[in-house]
Amino acid sequence: MATFLYRLGRLSFRRRWYFALIWVLLLVLAGAGAATASKSTNNDFSIPGTEAQQAFDLLEKRFPGNTEQNASARVVFKAPAGQKLTDPKNKAAVEKVVAEIKRGPQVAMAVDPFLGKAVNKDQNIGYASAAYKVKSMDLTEDTRTELKDAAQHGRDAGLTVEVGGSVLQQMPEGGSEIIGIAVSALVLVITFGSLVAAGLPLLTALIGVGIGVSSIAALAPVLDLSANTSTLAMMIGLAVGIDYALFIVSRYRAELAEGREREEAAGRAVGTAGSAVVFAGLTVVIALAGLAVVNIPMLTKMGMAAAGTVTIAVLIALSLIPALLGFAGKQVLPRKIRKGGPAAAAGDKPNMGTRWARVVLRRPVLVLAAGVIGLGAIAVPAASLELGLPDDGAASKSTTQRKAYDLLSEGFGPGFNGPLLNVVDLKDAKDPKAAAQKTHDTMAKLDDVAMVTPAQFNKAGDTATLLVIPKSKPTSKQTEGLVHTIRGERDALATDTGAKILVTGGTAMNIDVSQKLNDALLPYLALVVGLAFLLLIVVFRSVLVPLKAALGFLLSVVAALGAVVAVFQWGWLGSLFGVEETGPIMSMMPIFMVGVVFGLAMDYEVFLVTRMREAYVHGERPGEAIVTGFRHGARVVTAAAIIMISVFAGFIGSSEQMIKMIGFGLAIAVFFDAFVVRMAIVPAVLALLGKTAWWLPGWLDKALPNVDVEGEGLQKTLATPSGEAGSPDPDGEREPVRV
């Protein structure tokens with residue numbers, strides 16, 4: 001592989017105009033596709049194979065047209081203190097607001113609280129329901145403005161008016177990623193000491209993300225992609241795009257500093273660092289594409305879209321970067337090296353990576369213990385992990401949807417915001433109406449039930465729906481227990497009446513999603529970690545190094561989950577990260593973090609350890625190889641990790657709780673994995689293992705393909721003394737190491 005990539009790098013360097021033009025054309029085509037595509041996105045959340053989804057499917061079949069996921073609104077009114085909504089003045093104000101909402105061209109219907117019997121017992125709180133003709137993402141700004149203006153007119157009349165419902169769902173706000181890009185630019189300038197060298201990774205990452213996100217936008221209407229799909233692709237695409245380009249540019253600078261011609265330097269950079277990029281990218285793609293095993297369509301599509309963006313980032317790093325290096329010339333080197341020549345790159349003082357590696361080699365047991373105990377302590381909160389799906393109760397207290405949620409809880413009880421929808425299949429019942437009534441009476445007698453609505457039948461009379469309003473809030477253990485209790489009554493009711501109950505609704509869906517994700521976690525881990533383990537055996541030609549990499553990842557991801565629980569569930573340091581309301585962790589968070597973090601963690605494992613493997617293959621002792629790997633790779637890996645952390649952390653500023661949580665989780669996971677696991681635990685373990693770390697059974701060595709990631713085959717092909725491992729690079733000259 002190294003030889004093939006070497007030739008590709010040289011070809012791209014020579015034919016730079018062609019390669020640059022190809023990528024620009026791809027960007028233009030993707031942009032044109034996005035500009036002409038429908039802006040509609042699909043935020044429907046389906047969970048095949050669960051009872052909650054079976055209930056929705058039955059509703060779609062037996063109540064055709066009544067389960068369309070069009071936008072809806074719930075406008076909540078509260079009368080001034082000491083007054084009632086039924087007072088003539090207040091009633092007139094409410095009716096005027098509803099009349100204004102009805103006039104909207106995208107409004108299908110709106111029912112005021114008095115006609116809909118949606119006023120509480122104290123008659124001081126009520127709500128109007130509105131249904132729209134289109135999905136929330138297809139609503140115009142004029143429609144939302146008209147709704148807000150109508151609510152404001154109610155406030156002007158002296159009422160408290162708040163709005164909830166899917167009508168307020170919009171595309172996630174952009175702009176937060178700019179912070180990450182700005183920090184990345186600063187880190188690159190400090191690392192490279194050259195504006196040109198710093199600009200190349202940013203430019204190519206933006207091109208790759210532009211192509212990926214535009215392609216997602218173009219395909220969204222066809223593939224039913226959700227609004228968050230492009231956000232995830234942008235988040236991961238920016239991070240890996242900058243990192244992959246960074247490693248190749250850094251290696252190119254090292255080759256130039258050794259006195260090689262520019263085309264030769266580009267070829268060697270792509271042949272060596274590019275090989276690591278390919279396998280690092282493959283681990284990320286495997287982890288993201290592997291999310292398909294969970295069988296949640298939205299999660300599968302998000303993973304596939306992000307995997308596609310990572311693939312684009314790899315291809316750009318291998319083909320566009322050497323082309324741009326051809327245009328940049330020696331401007332990618334710092335000014336002092338451009339003026340002083342190759343000798344100016346060398347220094348007498350060992351760099352920080354060298355010094356840190358020697359510290360670890362002197363005290364490997366202490367470093368290993370400190371890293372493991374520290375991450376273990378941070379992981380403790382993960383034992384208290386509570387999963388759920390976010391609703392308006394998790395929104396900021398300053399938002400109108402959260403205020404509407406709280407008003408409904410105040411007026412109708414905490415369980416009103418999380419009703420349990422019971423779909424009763426009466427097809428096999430001898431007396432459908434009697435069976436439905438029996439079901440109603442059974443539900444009403446259960447503990448923690450505040451109210452059960454009368455059965456609503458379809459036209460055929462073979463299906464009915466019952467709404468069960470719990471006494472407890474939607475995310476409580478009591479409501480979860482009620483769902484299990486209702487499902488536990490299913491067999492007895494089916495025997496007595498022939499009625500079959502299916503329970504759905506927000507709480508029921510939470511339970512089903514959590515169970516489905518828990519059931520899928522171990523198979524997913526086995527698939528992703530297993531495939532990546534085999535891949536890393538091929539890369540490192542070792543059994544223990546991949547095993548150590550996988551165990552280190554598990555430690556970092558559990559610690560990251562512990563940090564997420566501490567901040568978003570317990571509220572520790574919540575104000576620092578803009579978390580105004582604590583609650584359950586998003587159900588998809590654990591398996592999502594496992595997938596994404598595993599792929600990203602393997603990036604640093606590949607980049608750092610391949611340098612050690614390269615030195616070991618070229619004759620250095622195990623301890624020397626560790627120091628050499630850190631001398632050449634620590635500074636770049638550190639910069640890459642800071643860049644990735646800053647990109648993810650930029651999304652913590654998002655108003656979307658899901659995006660905020662993902663941004664924080666990925667940022668803290670990369671921090672733990674890069675600086676604790678890869679920079680401390682990995683060299684400590686390798687130091688303790690010595691030569692054993694690179695052991696591979698002879699039969700397996702013969703069976704495995706030789707992908708030549710460390711470039712040994714390339715070195716033999718080139719047969720040049722300057723290609724030997726251990727040549728000086730801009731960070732410092734090689735020194736003998738005694739271990």
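The structure displayed is predicted, hence computed values, not measured ones.
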What verdict does the side-chain contact (heavy atoms from CB on, under 4.5 Å) test give for Phe553 and Arg678, after you've listed the backbone C-alpha separation in whole Å, the side-chain angles of each residue and the deciding distance to 0.1 Å?
CA-CA 9 Å; Phe553 147 74; Arg678 308 303 153 189; 3.9 Å; yes
Residues Lys548 and Glu605 bridged, charged N to O under 4.0 Å:
yes
Taking the side chain as everything from C-beta on, heavy atoms only, tell me whether Phe630 gets closer than 4.5 Å to Met679.
yes
Could you check if a side-chain atom of Met304 sits within less than 4.5 angstrom of a side-chain atom of Leu288, using non-hydrogen atoms only?
no
Nearest heavy-atom pair of Tyr244 and Gly281: which atoms, and what distance?
OH-CA, 3.4 Å
How about Tyr6 and Glu264: do any of their side-chain heavy atoms sit closer than 4.5 Å?
yes
Could you state the interatomic distance from CG (Leu517) to CE (Met589), rounded to the nearest 0.5 Å?
13.0 Å
Hey, are the side chains of Val528 and Val594 touching, using non-hydrogen atoms and a 4.5 Å cut-off?
no
Are side-chain heavy atoms of Arg268 and Arg251 found at a separation under 4.5 Å?
no
Can you confirm whether Phe4 is buried at CZ, in the sense that more than 12 heavy atoms of other residues, nucleotides or ligands lie under 6.0 Å from that atom?
no
What distance separates Met588 CE from Ile662 CD1, expressed to the nearest 0.5 Å?
7.0 Å
Looking at Ala198 and Leu188, what are the two nearest heavy atoms and their distance?
O-CD1, 3.3 Å
Passing candidate, side-chain hydrogen bond (donor to acceptor under 3.5 Å, both in side chains) with Tyr604, options Asp673, Thr638, Asp243:
Asp243
Report the distance from atom CD1 of Ile236 to atom CE of Met302, rounding to the nearest 0.5 Å.
8.5 Å
Going by heavy atoms in the side chains, are Leu536 and Val545 under 4.5 Å from each other?
no
Distance (rounded to the nearest 0.5 Å) between Leu200 CG and Leu195 CG:
11.0 Å
Under 6.0 Å from the OH atom of Tyr18, do we count more than 12 heavy atoms belonging to anything else shown?
no
In terms of ring plane angle, is the pair Phe664 and Phe577 parallel, tilted or perpendicular, where the classes change at 30° and 60°?
perpendicular
Using 0.5 Å steps for rounding, measure from the CH2 atom of Trp694 to the CZ atom of Arg541.
12.5 Å
Does the cation-pi check pass for Arg16 over Phe13, that is, NZ or CZ under 6.0 Å from the six-membered ring centre and within 45° of its axis?
yes
Min side-chain heavy-atom separation Phe672-Val677 under 4.5 Å
no
Ignoring hydrogens and angles, state whether a donor on the side chain of Trp23 or Ser319 is under 3.5 Å from an acceptor on the partner side chain.
yes
Rounding to 0.5 Å, atoms CG (Leu551) and CG (Leu547) come to a distance of 4.5 Å
